[in-house]
Amino acid sequence: MGEQPIFTTRAHVFQIDPTTKKNWVPASKQAVTVSYFYDSTRNSYRIISVDGSKVIINSTITPNMTFTKTSQKFGQWADSRANTVFGLGFASEQQLAKFAEKFQEVKEAAKLARDKSQEKMETSSNHSQESGRETPSSTQASSINGTDDEKISHVGPADALLKSENDRLKSAVEQSNTNAKKWETELQTLRESNARLVEALKESTTNVETWKKQLATCKEEGDQLRDKITELELQCEEVNQEKERNAQLTERVQELESELQEKEQELENLRKQAEIIPQLMEECENITQKLQAAEMKNKDLEDRIEMLQADIDDSNHKQGHLKIELKKFMDVLDGKIDELHEFRQGLSKLGADN
């Protein structure tokens, strides 16, 4: 079956700076595909990532590896075989959590595979030791027994057992030779991969230096553009202020034009009125003469009013005296009436007595 992908995601790939061992060096310009692969023939797991035609991650998972989350969207693990530390930057926390969970699962599976291979090796070594122990005992038994029949009866099963054990050992040796060839092939593949990775690392280092220069150039251009943008913004603000001033001046000019039209209309009205000023002057003179005559009449009337007021005051004074005298007369008349009334009552009383 070969290697098959079992999990795939996308992330930004980084490697630790080999000189400082502190700074991260980007291994990809953008997010790339990062996949877990399972090799059924070797019962091993690897993390592989390819950017175009360049392999940027080729890490075999071992039980001793640990994936560490250093932030909400970034994680890392160390690969002692590649002598580096890989870092992955994800777009979300969920992607980071899924990758970390899968790393733990693959790590446990690699541990189980290692334990099973150790058990198989221990089992095969135990079988070989047991077969080595059984062969001398059977030979010793055959030498102890004296009769030919007993020798035949003991030697036959031992030969069969030795033959079967030899066949099994031959198959184990062939299998080990086959595995050795596979391991040599794998070792050669790993060496080629390491050589490619070294070349890729050198290329990435060169690219990093180029990117740093380009980044510095871009920063300078960005600073220049920011200064230019700031200058243009200031110019735009000045233009906007000038536009506002022009708009205000336009409104002021319109107001002045309307006021000028009103003043011209008033001037026209004044001109029309100036044409009738002589007539108004004549009328004013006539009115002035009439006013003077009225004033004279008014003065005469005032004199008459003063005389009439004096007559009224005199008549009021006389009326006051008349009122006083009339009151006195009324008081005397009331006394006379009272006397007459008493006199009448006396006459009535006399008449009644008579």
Side-chain angles (χ1 to χ4, degrees), residues 3-39 44-114 193-194 196-198 200-223 225-226 229:
E3 281 188 316
Q4 296 293 329
I6 57 176
F7 180 80
T8 301
T9 185
R10 291 184 68 83
H12 291 271
V13 181
F14 299 87
Q15 288 186 8
I16 201 72
D17 191 349
T19 56
T20 62
K21 299 294 183 180
K22 293 180 180 180
N23 301 324
W24 289 105
V25 178
S28 61
K29 297 180 181 179
Q30 58 187 358
V32 295
T33 302
V34 181
S35 302
Y36 285 94
F37 279 84
Y38 172 63
D39 190 348
S44 63
Y45 296 87
R46 288 197 299 170
I47 298 176
I48 298 176
S49 179
V50 179
D51 186 8
S53 60
K54 183 174 68 174
V55 178
I56 56 178
I57 297 178
N58 185 8
S59 178
T60 302
I61 304 299
T62 63
N64 297 326
M65 288 185 178
T66 302
F67 185 80
T68 305
K69 297 179 184 178
T70 57
S71 66
Q72 293 180 350
K73 298 181 182 180
F74 193 86
Q76 66 183 39
W77 78 96
D79 190 344
S80 58
R81 294 182 179 179
N83 193 21
T84 187
V85 180
F86 294 101
L88 297 179
F90 295 90
S92 63
E93 286 186 59
Q94 291 77 11
Q95 292 180 356
L96 175 60
K98 288 181 181 178
F99 189 89
E101 183 179 355
K102 198 66 182 177
F103 193 96
Q104 187 64 27
E105 292 178 3
V106 170
K107 177 181 174 182
E108 295 295 333
K111 185 177 180 181
L112 292 175
R114 185 187 67 179
S193 299
N194 288 331
R196 288 197 300 269
L197 287 172
V198 170
L201 183 60
K202 292 179 180 179
E203 183 180 357
S204 64
T205 304
T206 306
N207 292 331
V208 166
E209 295 296 331
T210 305
W211 293 339
K212 285 181 179 179
K213 293 179 181 179
Q214 293 178 356
L215 181 60
T217 305
C218 291
K219 284 183 178 179
E220 291 178 0
E221 293 178 354
D223 294 335
L225 288 174
R226 288 192 188 94
I229 289 170

For this session: Please examine the side chains of Asn58 and Arg46, heavy atoms only from C-beta on, and report whether any two atoms are closer than 4.5 Å.
Result: yes

Exercise. Under a 4.5 Å cut-off applied to non-hydrogen side-chain atoms, are Leu88 and Val34 in contact?
Worked result: yes

Exercise. Is there side-chain contact between Lys102 and Ile6, with heavy atoms separated by less than 4.5 Å?
Worked result: yes

Problem set entry | Side-chain donor-acceptor contact under 3.5 Å, Thr62 with Asn64 | no

For this session: Would you please name every residue forming a side chain to side chain contact (heavy atoms under 4.5 Å, CB included) with Leu96, sequence neighbours left out?
Result: Phe67, Lys69, Phe90

Problem set entry | Full working for side-chain contact (heavy atoms from CB on, under 4.5 Å) between Ser35 and Ile48 | CA-CA 6 Å; Ser35 302; Ile48 298 176; 5.7 Å; no

Problem set entry | Neighbour count above 12 (heavy atom, 6.0 Å) for Lys22 NZ | no

Exercise. Quick one: CD1 on Ile47 to CD1 on Ile61, what's the gap to the nearest 0.5 Å?
Worked result: 3.5 Å

For this session: Could you walk me through whether Ile16 and Val25 pass the side-chain contact (heavy atoms from CB on, under 4.5 Å) test, one step at a time?
Result: CA-CA 6 Å; Ile16 201 72; Val25 178; over 6 Å; no

Exercise. Between Ser59 and Met65, is any pair of side-chain heavy atoms under 4.5 Å apart?
Worked result: yes

Exercise. Does Arg114 reach the side chain of Pro63, with side-chain heavy atoms less than 4.5 Å apart?
Worked result: yes

Exercise. Does the side chain of Ile56 come within less than 4.5 Å of Val50's, by heavy atoms?
Worked result: no

Exercise. What is the distance from atom OG of Ser92 to atom CD of Gln72, rounded to the nearest 0.5 Å?
Worked result: 11.0 Å

Exercise. Taking atom types as modelled and ignoring hydrogens, do the side chains of Ser28 and Asp51 form a donor-acceptor contact shorter than 3.5 angstrom?
Worked result: no

Exercise. Where the side chain of Tyr36 meets the backbone of Phe99, is there a donor-acceptor pair that is under 3.5 Å apart?
Worked result: yes

Exercise. Are any of the side-chain heavy atoms of Val13 and Ile57 separated by less than 4.5 Å?
Worked result: yes

For this session: Return the orientation label for the Trp77 and Phe103 ring planes: parallel under 30°, perpendicular over 60°, tilted otherwise.
Result: tilted

For this session: Carefully, step by step, assess His12 and Phe74 under the rule side-chain contact (heavy atoms from CB on, under 4.5 Å).
Result: CA-CA 9 Å; His12 291 271; Phe74 193 86; over 6 Å; no

Problem set entry | Atom pair CD/OH of Glu105 and Tyr45 - distance to nearest 0.5 Å | 9.5 Å

Problem set entry | Pair Phe86 + Trp24: ring centers closer than 6.0 Å | no

